[in-house]
Amino acid sequence: MIRLIKSELSKILRNPLNIFLLIALLLYYGWAIYPELGFQPVSAVTLEGEPLSTEAEFIRYADQVLSKYEGRAEEAMWKRYVNDYNELYAQFTTNIDETRMKELYGSDWKALLQRNESGTLTAQDIDRLDALYADELQRYLSYGFGAYDETANQMQLYIPYEQEKELITLNMIYHQNEYPGYGSGPFSEDKITDLKSYPLYLLSHPEALKQAAMIQSGQEAEELPLVYGDFYTKTNAGSITVGSTITASKLLRCMEISTTYLTTLVLAIVCANIFSKEQVNATDQIIIPTKTNALRLVLAKFLAGLILCVGMTLLIDLIAVTAASIIYPPHGLDLHIGWSFVYHSDLSLHLTYWQAILNVIELQLTAAVAVAAFSALFSYFTRSPFAAVILSFALIIGPILARAHLPEWLYWFCPATLSQYDNFHRYTFATGDPVLANGVWIKDAACLLWIGIAALSLALILFHARRHRAYAK
């Protein structure tokens, strides 16, 4: 049987069109993953002033800095996080870049700063500054610079410093923004406008966590344990470990990119000919009377298609994982998604990175099994590669186009939907937790469904082949 399966696999891979499609698929995912690997040049420096020439170097350095804060989320860690930032901020904002200030605000920039600090800006000052932030400094408006406080008669001014690059690195690492939304100045808790922006703050302040959870869920405090379950209980008790998840998130991101329904479309084309060619050419009538009987032949063909689909899926994953791991040696995989330090807080995510990655693989393999099953079924019974491809595409793409007319629960069992892994473990308050009433996750239910459909498809093919053999006798 093994030799027969190898023979069927070789038949599939000897087809020039199949080889072209499979190589093109691998090249596409390589191209799609490439931007995530960080080869793009950057003009940045470390906090010590050493140059960083690529995005990957910057990300690895940021991961190194944030790794200092790994451990249980407690207020002491939050205070250390804030104090470390403020100490470095004070260091990098000691010396103003006077040349740049003169270029921006004119030769009287010192007097302008004094008038701004004392709240004695003139109408001419305000007009000049408004024009400046509407033109040359427009990009800084989104960071809070250029905002005018009419009551205090002050404007939040952008101030360039001699260590501007170090300051930007500091802000990107600690706030994931070149300039925090509150503008310039030391960081403090009262400047947090969005509690969810700082997961470490939430995890170390139970009352703030409760408020954020109530806002996100729209539920009262007593309902939160029911809404979030054990996850909320752990976070509220301060028993969640935090740490740098930068490299883990890069690995997961590469896995996300390698999860699209393009794979299912290509595999459907490749497998469409698995039965049809020999049936159309009537060569199956020559093979069946030999020792290689009908049952063994169709089983070998079915398993060859299944092995090809699963193998190709795992190969794509292997490329994604290998590339990401070489550039960003992963750690922090046991930490929860969305609970790093800044701008990642999402109470609807209940998984660690390991769990999320395993979910991705499970869903990808489920899609591969689904494609192998219905492609073999269509190929066997239609006797036409073209018809098999059309039917397969209809099953893959059809639910996407007809989603508005499908029951919501049915949509999540469709093959193309399996590529949207994020929705299979994210709590949504519109549809509820992605768990069925009996405690089975929808992704697991989808997996069991398609394994059952694959087994049924094989049974139908074997039953028909057995009748065919009896008829041949």
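Positions are given from 1, in the same order as the sequence printed here. Just so you know, these numbers come straight off a predicted model, no measurement behind them.
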- OG on Ser258 to CZ on Arg253, rounded to 0.5 Å: 10.0 Å
- Task: In sequence, state the C-alpha distance, the side-chain angles, and the governing distance for Leu267 and Thr313, and then conclude on side-chain contact (heavy atoms from CB on, under 4.5 Å).
- Result: CA-CA 9 Å; Leu267 292 178; Thr313 299; 4.3 Å; yes
- Query: What's the verdict on ring-ring contact (aromatic ring centres under 6.0 Å, His included) for Tyr179 and Tyr158, showing C-alpha distance, side-chain angles and the deciding distance?
  - Reply: CA-CA 10 Å; Tyr179 303 96; Tyr158 162 69; 5.8 Å; yes
- Query: Roughly how far, to the nearest 0.5 Å, is the CG atom of Leu26 from the CG atom of Leu21?
  - Reply: 11.0 Å
- Message: Applying side-chain contact (heavy atoms from CB on, under 4.5 Å) to Ile316 and Leu25, what does each step give before you reach the verdict?
- Response: CA-CA 9 Å; Ile316 293 170; Leu25 185 66; 3.9 Å; yes
- Task: Find out whether Phe374 and Ser392 are in side-chain contact, i.e. whether some heavy atom of one side chain is under 4.5 Å from a heavy atom of the other.
- Result: yes
- Side chains of Tyr81 and Leu200: closer than 4.5 Å at any heavy-atom pair? yes
- Between Ser67 (side chain) and Ser244 (backbone), is there a donor-acceptor pair under 3.5 Å? no
- side-chain contact (heavy atoms from CB on, under 4.5 Å) evaluation trace for Met77 with Val242: CA-CA 10 Å; Met77 181 184 288; Val242 296; 3.8 Å; yes
- Query: Rounded to the nearest 0.5 Å, how far does OG1 of Thr245 lie from CD of Glu70?
  - Reply: 9.5 Å
- Task: To the nearest 0.5 Å, tell me how far Leu129 CG sits from Tyr148 OH.
- Result: 10.0 Å
- Centres of the Tyr161 and Phe92 rings: under 6.0 Å? no
- Item | Flag if over 12 foreign heavy atoms under 6.0 Å of CZ, Phe386 | no
- Query: Under 6.0 Å from the NZ atom of Lys102, do we count more than 12 heavy atoms belonging to anything else shown?
  - Reply: no
- Do Leu308 and Asn18 have side chains that get closer than 4.5 Å, going by heavy atoms? no
- Task: Would you check if His331 and Thr247 make a side-chain contact, meaning some heavy-atom pair closer than 4.5 Å?
- Result: yes
- Query: Is there a donor-acceptor pair closer than 3.5 Å between any side-chain N or O of Gln40 and the backbone N or O of Pro35?
  - Reply: yes
- Task: Taking Asp108 for its side chain and Ala111 for its backbone only, find out whether a donor-acceptor pair lies under 3.5 Å.
- Result: no
- Query: When rounded to the nearest 0.5 angstrom, what distance separates CZ in Arg115 from CD in Gln154?
  - Reply: 13.5 Å
- Heavy-atom side-chain contact between Glu164 and Asp97 under 4.5 Å: no
- For the residue pair Tyr174 and Tyr69, categorise the inter-ring angle as parallel (less than 30°), tilted (30 to 60°) or perpendicular (more than 60°). perpendicular
- Under 3.5 Å donor-acceptor, Thr54 side chain and Glu57 backbone: yes
- Query: So which heavy atom on Met172 is nearest to which on Glu178, and how close?
  - Reply: SD-N, 3.4 Å
- Within the distance-only criterion (no hydrogens, no angle test), does the side chain of Asp135 pair as donor or acceptor with the backbone N or O of Ala131 below 3.5 angstrom? no
- Task: Could you tell me whether the side chain of Tyr29 and the main chain of Asp317 form a donor-acceptor pair under 3.5 Å?
- Result: no
- Where is the tightest heavy-atom contact between Arg80 and Lys68, given as atom of each residue plus distance? NH2-O, 3.3 Å
- Passes ring-ring contact (aromatic ring centres under 6.0 Å, His included), Tyr133 versus Tyr140? Steps please. CA-CA 8 Å; Tyr133 282 96; Tyr140 294 99; 7.6 Å; no
- Query: Side chains of Tyr328 and Asp63: donor-acceptor distance under 3.5 Å anywhere?
  - Reply: no
- Message: Pairing donors with acceptors under 3.5 angstrom, does anything connect the side chains of Thr46 and Glu48?
- Response: yes
- Message: When you compare the side chain of Ile19 with that of Leu13, does any pair of heavy atoms fall below 4.5 Å?
- Response: yes
- Query: Just by distance, do the side chain of Arg60 and the backbone of Pro329 share a donor-acceptor pair under 3.5 Å?
  - Reply: no
- Electrostatic pair Arg100:Glu103 at N-O distance under 4.0 angstrom: yes
- Query: Do the side chains of Tyr89 and Leu170 get nearer than 4.5 Å, heavy atoms only?
  - Reply: yes
- Do Ile159 and Leu113 come close enough that some side-chain heavy atom pair is under 4.5 Å? yes
- Between Ser249 and Ile246, is there a donor-acceptor pair closer than 3.5 Å when you use the side chain of the first and the backbone of the second? yes
- Inter-residue atom distance Leu265.CG - Phe393.CZ, 0.5 Å rounding: 4.5 Å
- Message: Using side-chain contact (heavy atoms from CB on, under 4.5 Å), reason through Ile126 and Asn153 one step at a time and then give a plain yes or no.
- Response: CA-CA 9 Å; Ile126 296 171; Asn153 192 27; 3.7 Å; yes
- Fit a plane to each ring of Trp31 and Tyr28, take the angle between them on a 0 to 90° scale, and name the class: parallel (under 30°), tilted (30 to 60°) or perpendicular (over 60°). tilted
- Message: Looking at Asp130 and Asp127, would you say the former's side chain and the latter's main chain have a donor-acceptor pair under 3.5 Å?
- Response: no
